[in-house]
S.K.: 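Mind having a look at this structure? Questions to follow.
Predicted model only: the values in this text are computed from it and were never measured. Letters go in sequence order (proteins before strands), and every chain restarts at 1.
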Number of protein chains: 2
Amino acid sequence: MSKAANTRLTILQKAFELIYTKGYQTTSIDEIIATTQVTKGAFYYHFKTKDEMGIAIIEEILKPTMQEHFIQPTEASQNPIEDFYNMISYLLLEDPFLQVKYGCPVGNLTQEMTPWNNKFSEALTELVNLWKETIINSIEKGKESGLIRKDVVGEQVAFFILSGYWGIRNFGKLQNDNSVYLVYLKELRSYLDNLK
Amino acid sequence: MSKAANTRLTILQKAFELIYTKGYQTTSIDEIIATTQVTKGAFYYHFKTKDEMGIAIIEEILKPTMQEHFIQPTEASQNPIEDFYNMISYLLLEDPFLQVKYGCPVGNLTQEMTPWNNKFSEALTELVNLWKETIINSIEKGKESGLIRKDVVGEQVAFFILSGYWGIRNFGKLQNDNSVYLVYLKELRSYLDNLK
DNA sequence: CATAAAAAATACTGATTAGTATGAAAAAGC
DNA sequence: GCTTTTTCATACTAATCAGTATTTTTTATG
């Protein structure tokens with residue numbers, strides 16, 4: 001990777017960490033360049049505005065991560081119900097980057113940036129739709145293989161699972177204690193079993 | 001109500017509206033006093049800091065509203081499952097103040113202010129716990145009256161319902177279209193029926 | 001009405017914000 | 001090596017921010 005490309009990636013990664021923990025609006029460019037040891041000239045060479053950097057974080061950091069961790073595993077799945085549970089459980093309890101008190105990066109950005117910033121809304125919508133469609137496809141496969149009841153509606157379940165995940169992440173932020181995750185997961189288990 | 005008390009209440013109400021639509025951090029005191037037609041001297045006579053005003057909004061606007069609209073109706077309920085659905089459905093589709101694109105005021109504040117502001121966390125936790133406990137009590141009553149299965153765990157269901165609500169509110173913000181609510185409500189109906 | 005206290009008005013401050021103007025260094029192309 | 005383009009560095013600006021200092025007006029109380 002060229003030195004310039006490295007500078008750009010460093011900015012994106014460090015900025016993302018700051019934004020995840022502090023929020024987008026309250027993370028200043030001065031703070032970003034201080035922690036990255038990059039000058040303002042360099043920053044504005046790579047990004048025309050702060051928002052352009054924000055979009056780049058979604059496209060170049062969040063999107064690939066989501067592809068790798070959620071989309072591909074789910075697509076390869078043979079047992080949707082088991083894998084939905086494992087996916088959520090992994091995200092809540094085991095993912096090494098995510099922390100209870102900081103919630104879900106995508107959920108946070110959605111809450112903070114919509115409905116005022118169209119660019120953010122579009123980029124985030126694309127991200128979320130990707131995840132949603134993958135879940136729907138997985139449910140359809142499960143219905144064909146007999147693991148899921150035929151009368152289950154994929155879209156409804158997808159929204160229900162993802163909503164619950166975003167919501168419990170918000171509870172986690174509030175309580176800063178992953179015991180809420182454990183309670184939630186028990187009920188998720190029960191809900192998912194009812195799809196069989 | 002004295003003129004002073006009226007000034008204070010006006011500030012709280014208008015500030016709350018601004019914060020609901022724009023977010024807390026991005027709503028400035030200058031903006032609040034501009035829309036309320038109140039001077040800075042008056043504002044800082046009533047509130048020592050911006051955060052003190054924020055807490056007052058939670059205590060004096062959000063809390064009474066929640067008491068009136070969610071707590072009392074649920075406590076009076078004879079049929080928990082039906083009333084849970086109606087409560088969520090009302091909030092999503094009928095409440096005259098709430099708007100799809102702005103999400104849930106309590107959820108928004110939680111996302112934005114935790115984990116950095118302890119005062120906010122405490123005030124919001126109190127609010128949410130009130131709601132949660134009311135749901136749990138209602139479930140217990142439902143179990144006694146035979147409307148809900150005995151093996152249902154109240155706390156799990158409470159978290160599941162509230163998480164789903166917060167989450168779908170965030171989806172609403174993202175899509176700015178209440179069709180996501182309709183899809184969500186269908187699955188909620190199905191989930192709740194499984195508690196019988 | 002007189003006085004004291006409460007309530008509000010005005011003008012300011014220092015810090016922080018995103019973004020810019022300009023020039024210097026580094027890298028690439030020939 | 002020379003030139004051009006890319007990449008980065010420094011110093012600045014105008015706007016906005018939460019909060020303060022001070023004074024004036026309004027209200028309550030005797």
S.K.: Kindly assign one of parallel, tilted or perpendicular to the pair A:Trp131 and A:Tyr165, based on the angle between their ring planes and the thresholds 30° and 60°.
M.R.: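 Perpendicular, since the angle between the ring planes exceeds 60°.
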
S.K.: Would you say the side chain of A:Phe84 lies within less than 4.5 Å of the side chain of A:Thr74, judging by non-hydrogen atoms?
M.R.: yes

S.K.: Can you classify the ring geometry of B:Phe120 versus B:Tyr24 as parallel (below 30°), tilted (30 to 60°) or perpendicular (above 60°)?
M.R.: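 If you compare the ring of B:Phe120 with that of B:Tyr24, the planes turn out perpendicular.
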
S.K.: Going from CG on B:Leu109 to OH on B:Tyr20, what distance comes out if it is rounded to the nearest 0.5 angstrom?
M.R.: 11.5 Å

S.K.: May I ask you to say what B:Thr26 touches in the nucleic acid, namely base, sugar-phosphate or nothing, with a heavy-atom cut-off under 4.0 Å?
M.R.: nothing

S.K.: Above 12 or not: heavy atoms from other molecules or residues under 6.0 Å from NZ of B:Lys132?
M.R.: yes

S.K.: When you measure from the centre of the six-membered ring of B:Phe160, is the NZ or CZ of A:Lys186 closer than 6.0 Å and no more than 45° off the axis?
M.R.: no

S.K.: OP1 or OP2 of C:dA8 sitting under 4.0 Å from any side-chain N/O of B:Thr39?
M.R.: no

S.K.: Going 5' to 3' through nucleotides 22-30 of chain D, assign each nucleotide B (protein heavy atom under 4.0 Å from a base atom), S (under 4.0 Å only from sugar-phosphate atoms) or - (no protein heavy atom that close).
M.R.: -----S---

S.K.: In terms of side-chain heavy atoms of B:Ser28, which of D:dT7, D:dA18, C:dT17 is nearest?
M.R.: D:dA18

S.K.: For a quick test of reading the model: is some side-chain N or O of A:Thr7 closer than 4.0 Å to OP1 or OP2 of D:dC8?
M.R.: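 For A:Thr7, the contact criterion (side-chain N or O under 4.0 Å from OP1 or OP2 of D:dC8) is met.
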
S.K.: Using side chain to side chain contact (heavy atoms under 4.5 Å, CB included) as the criterion, point out the one residue from B:Ile168, B:Leu192, B:Asp83, B:Ile161 that pairs with B:Ile88.
M.R.: B:Ile161

S.K.: Near DNA chain C, under 4.0 Å by heavy atom, which residues of residues 40-59 of chain A?
M.R.: A:Lys40, A:Tyr44, A:Thr49, A:Lys50

